[in-house]
Amino acid sequence: MTLPLRTALPGAIVATVALTAAVLAGPAFAADPVAGQSRFSQVCAACHTVASTAVVDRGRNSPAMIQNAINTIPQMSGVGGAVSAADIANIAAYLGNSPSSISFAQTAVGQSSAVSTITISASRIAALGSLSAVASGDFAVQGGSCGTTVPAGTSCTVGVVFHPTAAGARNGALTISHNGISTPIPIALAGTANVTLTAVLSADAAALDFGNQPLASASAARTVTLSNTGTASLDFSSIGVTGANAADFTRGGSCAVGTPLAVGANCTVTATFAPAATGARTATLAVAAIAPTAGNATANVNIAMSGTGQAQPTPVSSLSTAQLGFGALTVGRTSAAQTVTVSNTGNAALTFSTIAATGPFTTTDTCSGGVPAGGTCAVAVRFAPAGAGAATGSLTLTSNAAASPQAVALSGTGVLTNTPILVWTAATSADFGTVTMGADGGLKHFTLSNTGDVAATLGSFALAGEAAADYRVDTSSTCTAGASLAVGADCDLAIGFSPRGVGARAATAAVVADNASLPAPLTLTGVGLAPPQPALQLSVTSLDFGPADTNGRPLTLTNSGAGVLHVSALSVDSARFSIDTTGTNACGAAPFTVQPGANCQVTLRWLGAAAAASAPTGTDTGTLTLQGDMTPATATVALRGAPGSTEASNSGGGGCTIGAGTGAADPLLLVMAGLSALILWRRRSARATPLALAAAGLATALSFTPMEASAADIGQPLPVANVPSADGAPVPLHDGKAKVTYVDFWASWCGPCRQSFPWMNRMQAKYGAQGLRIVAVNLDASRADAQAFLKEVPANVSLGFDPKGDSARRVGVRTMPSSVLLGPDGRVLMQHSGFRAEDEAELEARIAAALKTS
């Protein structure tokens, strides 16, 4: 096989040669343009330059062309012996791929260098195909103009960038392969990576908590390690303590201003805490550094420091008693031990230097080893009289407590033989606690023993003191006057307490016995408590009667106190009124009682009711007076009867009375029919006149048929459980959660309702948190009328809608508005009809009182 090649010789000599297959099929060499550059300068540079010439261009990336020139051109015959086939391949690679190696400028780790380009040239004889370029190491092919082919006699470029992943010298290669060479060509790539200089100072703790520390004493040092975790050396500019209590903290350690901290190095900062005052103490350990080689970048660390100053630990010694009395003891004997308990209520260990007793008294103790904070120890004292008569001494305790030395007075009496000695064993005092006046506080028992050497004959037991009459020696006692108490025997003295006054009640009890040594009197204490008191609450403070009140008007008496209420008298100062004490839940004739939380009723009647022919034309007034053991002892209810009165309220007024039709020929029904026709006609027109609106309200009122007001009797449950809401869901009138519920019945045509709604809103806001719930029940036949009213007079209370008026009929509503007050059990506490400005204070007082007693 032959390939025709054209080669240009110096002097434009052109020859055609045949390249044998043996030449093309020679051994494959890994072309090295770097080595080729060296061999070119040694062998070829005397005759050729790298600049584009007809001869050199043919040899770019074409070892066969160079070999053919050596073989056929006489001027190059001397070259053949100087180069090998590998040298020829290297030279061809050098000529066709420029440059032979690339060195990149220093580049920071993680950054990319500028793009460097490599030119790949095809021989003028043949094109290059199957071109590829692959970079290795921290280098990457980026940009350039080369595709997969290079036409003959042309060049293209391959771009390469340096993207170091670590600092230091980084090497790689750009490997080029195409069909003009037998093996890929490596082009050496080199670059140096440097690290971006950063200033970073790290601490191994963000806060130091020194806990509790006694005043004026320094804590152990706490250490924080600071490390230079950046890439630039640091110089400390300041290391100090700042903050509210900076003086309580002292800094130390190896970190210092003027001593650099190299990259990767560390140093320590220490701090101690010595509080100057009790309570929480805070400060900040502030460290600032700069990195000169990183443009004086700053690196700061702030470490919060805290501690609590406590008073210097000190022991506090507390003794269980300041004196010990041993009573009488036969000379030559030693008493049983009595104990003084020592308690350390301080916060440091309590130690004793001496514990000793004077006089005929001896001690043993468990205190010699010290008493820790919160601990106790005991000192046992014994009495051994050396002679007859009174003996005194002192127990002295010397310790490291501020109150040292402490002393306990010791006393006893020495008696000769053949003397009975009476002593109280175990308790010598009793506290009966708090007992209601007149009640029995129970018994306290005391044991009297004869420790002498002969029998004792007991005398009387005397009670003394300002409250001696409150105490008694109970008949169950075995210690009785005239009884003989043998040697070593004992008896029981039982004392009872029934206070006759209020407050602390103190007395003493002493035993009397002839020819015996007597113990100190017993100490008796107790507290007298006043008995529970009743409180009278009336359902109303005034009653207004009209001719229709033929059944009288009920008055409910409620005992809201804790004691039984005794009502001694009921009287009326006007003959025009009378009292009826019979009927359901009647109180009965005075005197009568009302238990705590209970109630009863009396009925007041006016002689002018249903007796218009004989009734006077004027107004009758009177006063009902109740007397009992409540405070104050007298209560009154104002009575008023007027011939023209049609009010249905217990107090108040200012309401719109609801009429009642009673028959087909009733003129009221005729008025209703006419008004209804007027309403229907006006509703078909574009606008309703004020007359039509007033007529609508009156017709609604006249269409309502009431029942008797007794349907919601005081003290009885409300006869209605719930009413519908705007969306039809039930609204409970008594939800079982509210302490007090105020239920108001209203209608849009009711003028006083426009006054009552703002008042109800204020009451709900003022007392809602205390347990008040207000429910307003609308009785309009048209929901639109009610909504129009509510748009003008907003409601901040629960709303119910009863267009048929069933709830109002069952409650007995006769006036708009009407209201009832319910207690926590759902029972009626109060009824009220109408609404006037002067009613507000009384109604609020009733609500407040009901909340207080519920």
Side-chain angles (χ1 to χ4, degrees), residues 108-111 164-168 193-316 346-349 372-374:
V109 173
Q111 303 297 315
T165 58
N194 56 28
V195 179
T196 301
L197 297 178
T198 57
V200 181
L201 183 63
S202 302
D204 65 353
L208 296 177
D209 185 358
F210 290 85
N212 298 326
Q213 184 66 26
L215 295 181
S217 66
S219 70
R222 301 290 181 88
T223 301
V224 177
T225 299
L226 303 180
S227 302
N228 184 350
T229 55
T231 58
S233 178
L234 296 174
D235 291 339
F236 292 109
S237 55
S238 65
I239 304 174
V241 179
T242 63
N245 309 121
D248 290 8
F249 299 85
T250 302
R251 178 189 63 83
S254 61
C255 299
V257 174
T259 301
L261 188 64
V263 174
N266 57 59
C267 62
T268 60
V269 178
T270 61
T272 56
F273 173 48
T278 58
R281 314 291 286 174
T282 60
T284 300
L285 177 60
V287 181
I290 61 172
T293 59
N296 288 328
T298 60
N300 301 327
V301 168
N302 292 310
I303 300 166
M305 298 188 293
S306 61
T308 301
Q310 288 190 329
Q312 193 71 28
T314 55
V316 177
N347 56 3

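Put simply, CG on Leu261 and CG on Asn228 are 5.0 Å apart, with the number rounded to the nearest 0.5 Å. Distance check: Phe273 CZ to Thr308 OG1 gives 6.5 Å after rounding to the nearest 0.5 Å. Annotation: the span from Asn245 atom CG to Thr282 atom OG1 amounts to 5.0 Å, rounded to 0.5 Å. Note: Thr259 OG1 to Ile239 CD1 = 8.5 Å, rounded to the nearest 0.5 Å. With rounding to the nearest 0.5 Å, the separation of CG in Leu201 from SG in Cys267 is 7.5 Å. The CG atom of Asp204 lies 8.0 Å from the CG atom of Leu226; values are rounded to the nearest 0.5 Å.
When all heavy atoms are compared, the tightest approach of Asn347 to Gln312 is OD1-O, 4.1 Å. Minimum heavy-atom separation, Val109 to Ala166: CG2-C, 3.5 Å. Taking both residues in full, the closest heavy atoms of Pro275 and Ser217 are given as CD-O, 3.8 Å, listed atom of the first, atom of the second, then distance. Across all their heavy atoms, Leu234 and Ala299 have their closest contact at CD2-CB, 4.4 Å. In plain terms, the two heavy atoms of Ser233 and Pro292 that are nearest each other are O-CD, 3.8 Å. The two residues Ala276 and Asp248 make their nearest non-hydrogen contact at N-OD2, 3.3 Å.
Remark: side-chain polar atoms of Ser237 are paired, donor with acceptor, to backbone N or O of Ala288 under 3.5 angstrom. Checking side-chain atoms of Thr272 against main-chain N and O of Ala221 turns up no donor-acceptor pair under 3.5 Å. In terms of modelled atom types and a separation under 3.5 Å, the side chain of Asn266 and the main chain of Thr225 share no donor-acceptor contact.
A donor-acceptor contact closer than 3.5 angstrom links the side chains of Thr268 and Ser254. Side-chain contact of Thr231 with Thr198: a donor-acceptor pair under 3.5 Å is present, judged by distance alone.
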task: Dump the intermediate steps for side-chain contact (heavy atoms from CB on, under 4.5 Å) on Val269 and Thr223, then the final yes or no.
output: CA-CA 6 Å; Val269 178; Thr223 301; over 6 Å; no
task: Could you please spell out the steps behind the side-chain contact (heavy atoms from CB on, under 4.5 Å) verdict for Val224 and Val287?
output: CA-CA 11 Å; Val224 177; Val287 181; over 6 Å; no
side-chain contact (heavy atoms from CB on, under 4.5 Å) between Arg222 and Phe210, intermediate numbers included: CA-CA 8 Å; Arg222 301 290 181 88; Phe210 290 85; 3.2 Å; yes
field: Test log, rule side-chain contact (heavy atoms from CB on, under 4.5 Å), inputs Val241 and Met305
entry: CA-CA 9 Å; Val241 179; Met305 298 188 293; 3.8 Å; yes
